[in-house]
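Order of listing sets the numbers, starting from 1, for every ligand and every atom in it.
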Amino acid sequence: QLDPLPPITPEFVDVLNKVCEQCYTDFAPDELEVGVREHILQDLETFVRRQFTGAQLQLFGSSKNGFGFRQSDLDICMVLEGQETIDDVDCINIIESLARLLKKHPGLKNILPITTAKVPIVKFYHVRTGLEGDISLYNTLALHNTHLLASYAAIDRRVKILCYVMKVFAKMCDIGDASRGSLSSYAYTLMVLFFLQQRNPPVIPVLQEIYDGKKKPEVLVDGWNVYFFDDLKALPSRWPQYRKNTETVGELWLGLLRFYTEDFDFREHVVCIRQHGRLTTFNKQWTSKYIVIEDPFDLNHNLGAGLSRKMTNFIMKAFINGRTVFGTPIKAFPPMYPSQMEYF
Ligand code: CTP
Ligand code: MG
């Protein structure tokens, strides 16, 4: 039921490349803004230590994974020195007393503990910068997946650009807010990485499948294996397909939209970045959902689990429209209005 796409001209590929590059230059934070985030983190850590001696705060998510926007939230993970893990009851108690403490911080507003979520957090608003943030406890797997995403971002500039384009696309289509029933930025990033691994020739390897010897090393965190190959300097000699793919970002972006609308069979297959071989929804017993995205470490976690049927259709329609919009040659895209830019 998809419209056939006209042949793509070299001129139009140029337009697509420009649009993609523009997403990146317009929305990526500069060094100053990265420094501001570190500064807020330091200040918060000092403040929190007044009550929680030995508290250590760490940034994760898009402040660290290479796909941050100027206005992205601050995702912060707190651990207590000398304590390995935390049980659910303690976690909720600490979140509540952390919220009471943060209410006394003069630079913060809108302190809100959320203890019913899968990962309990305290939300806050940083007045001087206008940044939102949240603090979670012992969110160790998230620190590891942040490092994994950062490693993929460092392999090839096109990875970074495409993940930005995808996030902008998701925001513009209103399909990128997990708290409102759609998918998280993290889920869309996994979709981009999966596409780039499945491309022929692939743009990025499967880092979790590169290792010495016969058996994959085991690095257990919360019961899951978080091993992946992170010696990126050695990647060219370890991965025969390194730099074999020479497509431009514009071609890859349209390729991605076509992949998820024409090739990828959502009913049968799982978006899975930890192995190159196809994983089926049947294998995972995840057949009741249409969009199935497996977390690379927490293999019980389907990022698409919270999608309603209606939202699933809405997301698929956004991809189908995207395919038509980005796949139909025009001379140039109209410039964005400042009001649209402010949205990000
Ligand atoms: N995360 C996760 N599992 C989820 C959602 C999020 O492990 N279901 C972790 C990921 O490490 C993710 C981080 O929490 O990067 C922060 O999530 P979020 O703020 O939603 O995404 P970001 O990647 O930070 O993107 P954004 O710029 O939109 O904040
Ligand atoms: Mg974030």
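Nearest to atom 1 (N) of ligand 1 among the protein's heavy atoms is Y186 CD2, 3.9 Å. The protein non-hydrogen atom at the shortest distance from atom 9 (C) of ligand 1 is A142 CB, 4.0 Å. Taking atom 15 (O) of ligand 1 as the reference point, the nearest protein heavy-atom neighbour is G61 CA, 3.3 Å. Of all protein heavy atoms, the one closest to atom 29 (O) of ligand 1 is D73 OD1, 2.7 Å. Of the protein's heavy atoms, D75 OD2, 4.3 Å lies nearest to atom 18 (P) of ligand 1. Looking only at protein heavy atoms, the nearest one to atom 20 (O) of ligand 1 is S184 CB, 4.2 Å.
For the residue pair E81/Q56, the side-chain donor-acceptor check at 3.5 Å is satisfied. Donor-acceptor pairing under 3.5 Å is lacking for the side chains of Y164 and E21. A donor and an acceptor atom, one from each side chain of Y186 and D295, are located under 3.5 Å apart. Residues N17 and T248 have side chains that bring a donor and an acceptor to within less than 3.5 angstrom of each other.
For ligand 1, the atoms closer than 4.0 angstrom to any heavy atom of T146 are 11 (O). Heavy-atom contacts of L303 reach the following atoms of ligand 1: 4 (C), 8 (N) (cutoff under 4.0 Å). For ligand 1 and N65, the ligand atoms under 4.0 Å from any heavy atom of the residue are 15 (O), 23 (O).
Using a 4.0 Å cut-off between heavy atoms, L149 makes no contact with ligand 1 at all. The side chain of S185, and not its backbone, has at least one atom closer than 4.0 Å to an atom of ligand 1 (non-hydrogen atoms only; side chain from C-beta on). In N139, neither the side chain nor the backbone holds a heavy atom less than 4.0 Å from any atom of ligand 1. Under 4.0 Å from ligand 1, the heavy atoms of F60 that appear belong solely to its side chain.
Any N or O atom pair closer than 3.5 Å counts here, and S72 shares at least one such pair with ligand 1. The distance criterion of under 3.5 Å between nitrogen or oxygen atoms is met by H301 with respect to ligand 1. Below 3.5 Å of separation, one finds an N or O of N145 facing an N or O of ligand 1.
Under the 3.5 Å distance criterion, the side-chain polar atoms of E45 are matched with a main-chain donor or acceptor of L57. Checking side-chain atoms of S182 against main-chain N and O of D177 turns up a donor-acceptor pair under 3.5 Å.
Results of the ring pair (Phe, Tyr, Trp, His ring centres under 6.0 Å) test with H147 over F228, F60, Y227 single out F228 as the only residue that passes. A side chain to side chain contact (heavy atoms under 4.5 Å, CB included) with F124 is found for one member of I135, N110, D134 and no other, namely I135.
For F69, the heavy-atom gap to ligand 1 stays at 4.0 angstrom or more.
A cation-pi arrangement is not found for K289 relative to W286, the charged atom failing to lie both closer than 6.0 Å to the ring centre and inside a 45° cone about the ring normal.
Of all heavy-atom pairs between R243 and D156, the closest is NE-OD2, 3.8 Å.
Of all protein N/O/S atoms, those under 2.8 Å from the Mg ion (ligand 2) are D73 OD1, D75 OD2, and waters are not counted.
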> Does the side chain to side chain contact (heavy atoms under 4.5 Å, CB included) test come out yes or no for M316 and I291, once each step is laid out?
Replying inline: CA-CA 9 Å; M316 289 316 297; I291 297 179; 4.1 Å; yes

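Put simply, CD on E268 and OG1 on T280 are 7.0 Å apart, with the number rounded to the nearest 0.5 Å. In this structure, the separation between SG on C272 and CG on N302 is 11.5 Å, given to the nearest 0.5 Å.
Remark: K317 NZ is loosely packed, at most 12 non-hydrogen atoms of other residues, nucleotides or ligands lying under 6.0 Å away.
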